[in-house]
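All residue numbers in this chain count up from 1 along the given sequence. Model, not experiment: these values are computed from the prediction.
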Amino acid sequence: MKTRTLGNQGLVVSELGLGCMGMSEFYGDRDEQEAIATIHRALDLGLNFLDTADMYGPFTNEKLVGRAIKDRRDQVILATKFGNVRSEEGGFLGISGKPEYVRQCCDASLKRLGVDVIDLYYQHRVDITVPIEETIGAMAELVQAGKVRYLGMSEAAPATIRRAQAIHPISALQTEYSLWSRDPEDEILPTIRELGIGFVPYSPLGRGFLTGAITSPDDFAPDDFRRRSPRFQGDNFAKNLQLVDQVKAIATEKGVTPGQLALAWLLAQGDDIVPIPGTKRRSYLEENIGATKVILTPEDLSRIDALAPKGIAAGERYPAQNMSALNR
């Protein structure tokens with residue numbers, strides 16, 4: 001597994017990461033034993049960049065990751081997040097970037113993960129009621145205290161990123177980016193490249209859609225959050241399947257899977273990009289890692305760009321009530 005550098009503060013990670021969210025929530029059934037085996041397999045294959053958050057579970061995904069890496073801490077670059085406030089029962093209570101909340105969340109995450117330091121600590125969503133300077137200032141104090149090594153942000157607007165960077169160097173920005181979510185190319189990518197910030201695309205497989213394995217909304221478990229996603233409903237679903245069919249066609253020509261093609265395309269967008277496809281099964285993990293061996297020619301990339309231009313996906317990324325928390 002090759003490595004890539006995120007930001008200019010020295011954060012080096014495997015060129016592909018592992019999103020751990022679905023191991024605990026949002027994507028149907030859960031199997032902790034298989035999830036831990038998946039994390040162990042990732043580490044054995046040289047993938048060292050693990051992504052979690054306090055809200056996943058809620059609070060249980062960090063514990064799962066902590067158990068998985070207990071005897072392998074030196075093999076892991078560990079990223080987690082704060083900012084989405086949830087109750088113990090799972091209710092969503094809002095967003096907070098208050099300095100005291102930042103400190104409390106960090107201490108709680110360290111305890112759940114069973115570690116002394118978090119490698120990359122993200123603000124999961126921007127709290128517009130708190131000046132970003134105050135939130136990043138509190139995060140910078142965590143670095144000074146030795147509890148966090150590097151800072152990150154997620155779904156932040158260009159102007160907010162600039163203000164944050166003026167307080168403390170930001171190593172990574174995490175935002176959705178894939179063949180059907182190319183909005184970051186307009187302003188986000190130019191901004192962070194100007195500032196020397198790395199980019200970590202989440203949902204790089206379009207929440208599984210770009211793998212070609214999803215053919216009907218009925219493929220989802222009753223508690224799978226994709227059932228509520230606009231892109232997976234009604235006419236939007238049918239239109240988006242057309243994109244997947246075209247991705248499949250090119251993948252077949254290349255002798256790879258649609259998911260591998262989608263990830264290889266992302267990796268080809270720049271050495272400062274480290275996708276974190278999520279999976280909870282070893283078989284899918286190994287398929288995803290296979291994308292690092294896929295070589296796309298300039299002609300391949302041109303064909304893919306033509307079939308999946310910006311705005312190609314039908315429907316918003318999230319339900320309406322969640323969209324307001326993005327790009328703030």
Side-chain angles (χ1 to χ4, degrees), residues 1-6 11-23 34-35 37-51 68-69 72 75-79 120 172 174 176-182 184-185 189 198-214 243-308:
M1 178 75 69
K2 296 177 182 177
T3 60
R4 292 187 171 189
T5 300
L6 293 173
L11 177 57
V12 179
V13 302
S14 53
E15 63 179 329
L16 204 67
L18 174 61
C20 298
M21 178 185 78
M23 296 176 178
E34 177 62 19
T38 299
I39 292 173
H40 289 170
R41 182 61 175 154
L43 298 177
D44 290 343
L45 292 174
L47 187 159
N48 67 5
F49 188 33
L50 304 182
D51 182 272
I69 68 171
R72 306 189 183 207
Q75 294 179 252
V76 177
I77 302 297
L78 184 59
L120 176 59
Q174 184 174 135
E176 185 171 356
Y177 184 37
S178 71
L179 280 173
W180 77 344
S181 291
R182 297 183 60 173
E185 294 173 2
L189 278 171
F199 192 59
V200 178
Y202 73 85
S203 294
L205 295 173
R207 297 180 174 82
F209 207 84
L210 293 170
T211 66
I214 299 168
L243 169 61
V244 175
D245 288 341
Q246 295 181 73
V247 172
K248 282 182 179 179
I250 297 179
T252 299
E253 291 179 22
K254 298 288 294 183
V256 301
T257 68
Q260 288 173 334
L261 185 80
L263 290 174
W265 175 84
L266 263 180
L267 290 167
Q269 302 310 301
D271 291 338
D272 55 350
I273 293 177
V274 179
I276 50 168
T279 186
K280 49 192 175 182
R281 296 183 179 88
R282 283 168 285 182
S283 58
Y284 293 145
L285 167 78
E286 291 171 3
E287 177 184 333
N288 291 342
I289 289 178
T292 63
K293 307 300 183 185
V294 177
I295 298 175
L296 297 179
T297 66
E299 292 76 15
D300 292 331
L301 293 170
S302 294
R303 288 181 64 195
I304 295 170
D305 285 342
L307 70 88

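- Nearest heavy-atom pair across Leu296 and Ile304 is CD1-CD1, 4.1 Å.
- By the 4.5 Å heavy-atom criterion applied to side chains, Met23 and Ile39 are counted as neighbours.
- What you find for Ala291 and Ala264 is that their closest heavy atoms are O-CB, 4.0 Å.
- Residues Thr279 and Thr38 are in side-chain contact: their nearest non-hydrogen atoms beyond the backbone lie under 4.5 Å apart.
- Note that CZ of Arg303 is 9.0 Å distant from OG1 of Thr297, once rounded to the nearest 0.5 Å.
- Contact check for Thr292 versus Lys2: no side-chain heavy atoms found under the 4.5 Å cut-off.
- In this structure, the side chains of Ile250 and Leu307 come closer than 4.5 Å at one or more pairs of heavy atoms.
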>> Set out, in order, the CA-CA distance, both residues' side-chain angles and the distance that settles side chain to side chain contact (heavy atoms under 4.5 Å, CB included) for Ile77 and Leu120, then state yes or no.
In response: CA-CA 8 Å; Ile77 302 297; Leu120 176 59; 5.5 Å; no
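- Between Val12 and Thr5 there is a side-chain heavy-atom pair separated by less than 4.5 Å.
- Minimum interatomic distance between Asp271 and Arg4 (heavy atoms only, all atoms of both residues): O-CD, 3.3 Å.
- Of all the heavy atoms in Pro201 and Pro204, the pair that sits closest is O-CD, 3.9 Å.
- Of the candidates Ile276, Asp51, Leu285, Leu285 is the only one forming a side-chain contact (heavy atoms from CB on, under 4.5 Å) with Leu18.
- Atoms CZ and CG, from Arg41 and Leu43 in turn, are 11.0 Å apart once rounded to the nearest 0.5 Å.
- Ion pairing of Glu34 with Arg282 is present here, as a side-chain N (NZ or NE/NH1/NH2) and a carboxylate O approach within less than 4.0 Å.
- Taking a 6.0 Å sphere around OH of Tyr202, one finds it holds more than 12 heavy atoms contributed by other residues, nucleotides or ligands.
- Ile214 contributes atom CD1, which lies 6.5 Å from atom CZ of Phe209 (distance to the nearest 0.5 angstrom).
- For the pair Leu263 and Glu287, the minimum side-chain heavy-atom distance is 4.5 Å or more.
- Put simply, CD on Glu15 and CD1 on Ile289 are 10.0 Å apart, with the number rounded to the nearest 0.5 Å.
- Taking each heavy atom of Val247 and Pro258 in turn, the nearest pair found is CG1-O, 3.9 Å.
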> What do the steps show when you test Asn288 against Leu205 for side chain to side chain contact (heavy atoms under 4.5 Å, CB included), and what is the final call?
Replying inline: CA-CA 10 Å; Asn288 291 342; Leu205 295 173; 3.7 Å; yes
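- Atom CD of residue Gln269 and atom CZ of residue Phe199 lie 10.5 Å apart, to the nearest 0.5 angstrom.
- Heavy-atom minimum distance, Ile295 versus Asp300: O-OD2, 4.1 Å.
- Thr211 has its side chain out of reach of Thr257: every pair of non-hydrogen atoms, C-beta onward, lies at least 4.5 Å apart.
- For the atom pair Leu189 CG and Asp272 CG, the distance stands at 7.0 Å (nearest 0.5 Å).
- For the pair Asp305 and Arg182, the salt-bridge criterion is met [side-chain N within less than 4.0 Å of a carboxylate O].
- Under the 4.0 Å criterion applied to side-chain N and carboxylate O atoms, Arg207 and Glu176 are assigned as salt-bridge partners.
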